[in-house]
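The structure under discussion appears below in the form of structure tokens.
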Amino acid sequence: TPPLRIPPSVLLASVLTGCVDYVSTQGLVLGVYESEREDDSLHLTESAAGVDRVLSGKLTELLKISGPGLKKGKSRIFYGLHEDFPCIAVVGLGRNSLGVCGTEYWDTCKENIRAAIAGGCRVLQNHVLTHIEVDGCNDSQSAAEGAVLGLFTYDDLKTKKKTRVTTQLHGSGCVSGWEKGVLYGEGQNLARYLMEAPANHVTPSVFADTITNRLAPYADHVTVHKRSQEWIEEQQMGAFLSVSKGSEEPPVFLELHYNGCPDNAQCPLLLVGKGITFDSGGISLKPPSGMDAMRADMGGAATVCSAIVTAAALNLPINIIGLAPLCENMPSGKANKPGDVVTAKNVYWSLVFSVCLSGAMDVALGSAATGVFTNSDWLWEQLHKASVVTGDRVWRMPLFQHYTRQVTDCQLADLNNVGKYSRSGGACTAAAFLREFVTAPHWAHLDIAGVMTNKDEVR
């Protein structure tokens, strides 16, 4: 039998501190900054420095002798160093002087904290620790976001599940910032959960029921309407019904009203999210390779509904209306046929073609940023400022009349839902098509197809 291989950090910690009880299931994530000079010196965060003082400098000593300087996103694990935390992850935060980057279009310091804390929490989760205290890294909200997002996994249908981990802020950081970050992360994880789940587990009805249940604690200022197929037909939403009619699952029009501001004179923010719980392509089937990912084609609806759940949890002083038309797009004898003409609620006659328009945004930007089409410079500025803070980057795309002419120049109807030149500028012609249905002075279409999954562009 080969001898048990003990990690070097365990040996180091044992030599310096003696053996401790390993039964405890608590872990600790601490941050360390790179030196501003071209050397391997490290600068501990306030929380890490506090732990180092308790340990009489042993944490600093271990970091120095365990290898070169800890670079951004890297981590080191130390065992048996602290009697309350048998496992400590020290993560690299990069340089402390970094802020908003004019080429990356995000706050580099915030993004480094999120990524480092997420990585550290995942490492400790793999060590089967059930509770982790997290260094606020002088930005408790970003640290909390990183912890909550990093520990998310969809394993509901697996027999062997990841260790369930609870987290809390370590030390005397900003508690309100931590709590806000937790709510931000949980809101994003709700959207991720809905998108990850198989389509046969999240049908239009199940989606609507899930959101209704999540909003139940806020019933005093949230109203939910789950509109049936009969109601949809009464409203003459012919374009919506034309998509759903190929499926055996009935469509649902989910309508959410969040009233956080008693001033009825305040115009509400209106959010509309595409809610195709599975998009097979209909009679014009998509290629089978990767079609399973089309369970996430309701990512727009998941994002809109999760945003309203989060707004209610934060008790934001604004009014929001969320609309999510939910259905499946399936092939059958009743499904749309290429060239069919349907009537939308605003009495536009629309010629239907079955193509993957949003896939063009994935080709254009990959997963690095969301494409934004808007008629409003003011609205673009608000979205861009928010994206810099959150790290969810956006990029403004053109809404030229050039694209509008491609969808309005139609032989059989008022509008064509595919551009005149088919795939060319597909994301732009899709946005031009949507613009024909909007009358608001400030309007934006966010194409999230590229950021639906995390690829190499985002780390």
Requested in this report: Could you walk me through whether Met294 and Met452 pass side chain to side chain contact (heavy atoms under 4.5 Å, CB included), step by step?
Outcome: CA-CA 10 Å; Met294 288 297 97; Met452 183 177 78; 4.2 Å; yes
Query raised in the report: Where do Lys345 and Phe437 land on the side chain to side chain contact (heavy atoms under 4.5 Å, CB included) test, with the steps shown first?
Result: CA-CA 9 Å; Lys345 182 174 172 59; Phe437 296 87; over 6 Å; no
Query - Derivation of the salt bridge (Lys or Arg N to Asp or Glu O under 4.0 Å) call for Asp155 and Arg164 - result: CA-CA 11 Å; Asp155 58 6; Arg164 292 294 178 258; 2.7 Å; yes
Report task. Apply side chain to side chain contact (heavy atoms under 4.5 Å, CB included) to His127 and Val123, showing your working. Result -> CA-CA 7 Å; His127 283 68; Val123 167; 4.0 Å; yes
Report task. Please report the C-alpha distance between Ser242 and Asp340 in whole Å, then the side-chain angles of each, then the deciding distance to 0.1 Å, and finally whether the side chain to side chain contact (heavy atoms under 4.5 Å, CB included) criterion is met. Result -> CA-CA 9 Å; Ser242 74; Asp340 282 358; over 6 Å; no
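Looking only at side-chain heavy atoms (C-beta outward), Thr108 and Trp106 come within less than 4.5 Å of each other. Between Val309 and Leu190, some side-chain heavy-atom pair lies under the 4.5 Å cut-off. With contacts defined as side-chain heavy-atom distances shorter than 4.5 Å, the pair Glu328/Glu248 does not qualify. By the 4.5 Å heavy-atom criterion applied to side chains, Leu254 and Val224 are counted as neighbours. Put simply, the side chain of Pro251 reaches to within 4.5 Å of the side chain of Ile232, judged on heavy atoms. Side-chain contact between Phe253 and His225 is absent, with no heavy atoms from C-beta onward closer than 4.5 Å. By the 4.5 Å heavy-atom criterion applied to side chains, Glu104 and Glu111 are not counted as neighbours. Here the side chains of Ile276 and Cys327 are in contact, with some heavy-atom distance below 4.5 Å.
Judged by distance alone, the side chain of Ser140 and the main-chain N or O of Gly136 form no donor-acceptor pair under 3.5 Å. Tyr218 places no side-chain N or O within donor-acceptor distance of the main-chain N or O of Tyr258, the cut-off being under 3.5 Å. Judged purely by atom type and a 3.5 angstrom limit, Ser280 uses its side chain to pair as donor or acceptor with the backbone of Asn329. Using modelled atom types, one side-chain atom of Asn189 and one backbone atom of Val148 make a donor-acceptor pair closer than 3.5 Å. For Asn319 (side chain) and Cys261 (main-chain N/O), a donor-acceptor pair under 3.5 Å exists by modelled atom type. Side chain of Thr429 to main chain of Gly426: a donor-acceptor pair is present (N/O by atom type, distance under 3.5 Å, no hydrogens or angles). A donor-acceptor pair under 3.5 Å is formed between the side chain of Ser332 and the backbone N or O of Gly246. Between the side chain of Ser306 and the main chain of Thr303, no donor-acceptor pair closer than 3.5 Å is present. A donor-acceptor pair under 3.5 Å is formed between the side chain of Gln125 and the backbone N or O of Thr163. A donor-acceptor contact shorter than 3.5 Å links the side chain of Arg295 to the backbone of Glu196.
Other residues, nucleotides and ligands contribute at most 12 non-hydrogen atoms within 6.0 Å of the CD atom of Glu46. Other residues, nucleotides and ligands contribute only 12 or fewer heavy atoms inside 6.0 Å of the CD atom of Gln236. Within a 6.0 Å radius of NZ in Lys158, no more than 12 heavy atoms belonging to other residues, nucleotides or ligands are found. With a 6.0 Å radius and a threshold of 12 heavy atoms from other residues, nucleotides or ligands, Lys72 has its NZ atom at or below the threshold.
Listed by chain and residue number, Tyr154 satisfy the ring pair (Phe, Tyr, Trp, His ring centres under 6.0 Å) test with Tyr193 (two or more places apart in sequence, or in another chain). Listed by chain and number, the residues in a side-chain contact (heavy atoms from CB on, under 4.5 Å) with Leu399 are Phe373, Ala431, Arg435, Trp443 (sequence neighbours excluded). For His201, there are no ring pair (Phe, Tyr, Trp, His ring centres under 6.0 Å) partners two or more places apart in sequence or in a different chain. Scored by the ring pair (Phe, Tyr, Trp, His ring centres under 6.0 Å) test, Phe240 finds no partners at all (sequence neighbours excluded). Qualifying side-chain contact (heavy atoms from CB on, under 4.5 Å) partners for Ala118, counting only residues two or more places apart in sequence or in other chains: Arg122.
In this structure, CG on Leu98 lies 9.0 Å from CG on Asp107, to the nearest 0.5 angstrom. Put simply, NZ on Lys245 and CG on Asn336 are 5.0 Å apart, with the number rounded to the nearest 0.5 Å. Separating the CD1 atom in Ile113 from the CG atom in Asn138 is a distance of 7.0 Å, to the nearest 0.5 Å. Interatomic distance, CG of Leu151 versus NZ of Lys162, reported as 9.5 Å (0.5 Å rounding). The CE atom of Met195 sits 9.0 Å away from atom CG of Asp297, with the distance rounded to the nearest 0.5 Å. Remark: Cys121 SG to Asn126 CG distance equals 11.5 Å, nearest 0.5 Å.
Nearest approach of Val252 to Ala208, heavy atoms of both residues: CG1-CB, 4.0 Å. Nearest heavy-atom pair, Ile320 versus Ala311, reported as atom, atom and distance to 0.1 Å: CD1-CB, 3.8 Å. Taking each heavy atom of Gly31 and Leu93 in turn, the nearest pair found is CA-CD1, 3.8 Å. Residues Gly185 and Leu149 share a closest heavy-atom pair of O-CD2, 3.9 Å. Between Leu383 and Ala444, the shortest heavy-atom distance links the atoms CD1-CB, 4.0 Å. The heavy-atom pair separating Cys410 from Leu415 by the smallest distance is SG-O, 4.0 Å.
Between Asp377 and Arg396 there is a salt bridge, with a side-chain nitrogen of the basic residue lying less than 4.0 Å from a carboxylate oxygen of the acidic one. No salt bridge links Asp139 with Arg114; every basic N to acidic carboxylate O contact stays at or beyond 4.0 Å.
For the residue pair His442 and Ser376, a side-chain donor N or O sits within less than 3.5 Å of a side-chain acceptor on the partner.
A salt bridge (charged side-chain N to carboxylate O under 4.0 Å, His left out) check over residues 214-243, counting only residues at least two apart or in different chains, returns the pairs Asp209-Lys226, Arg227-Glu255.
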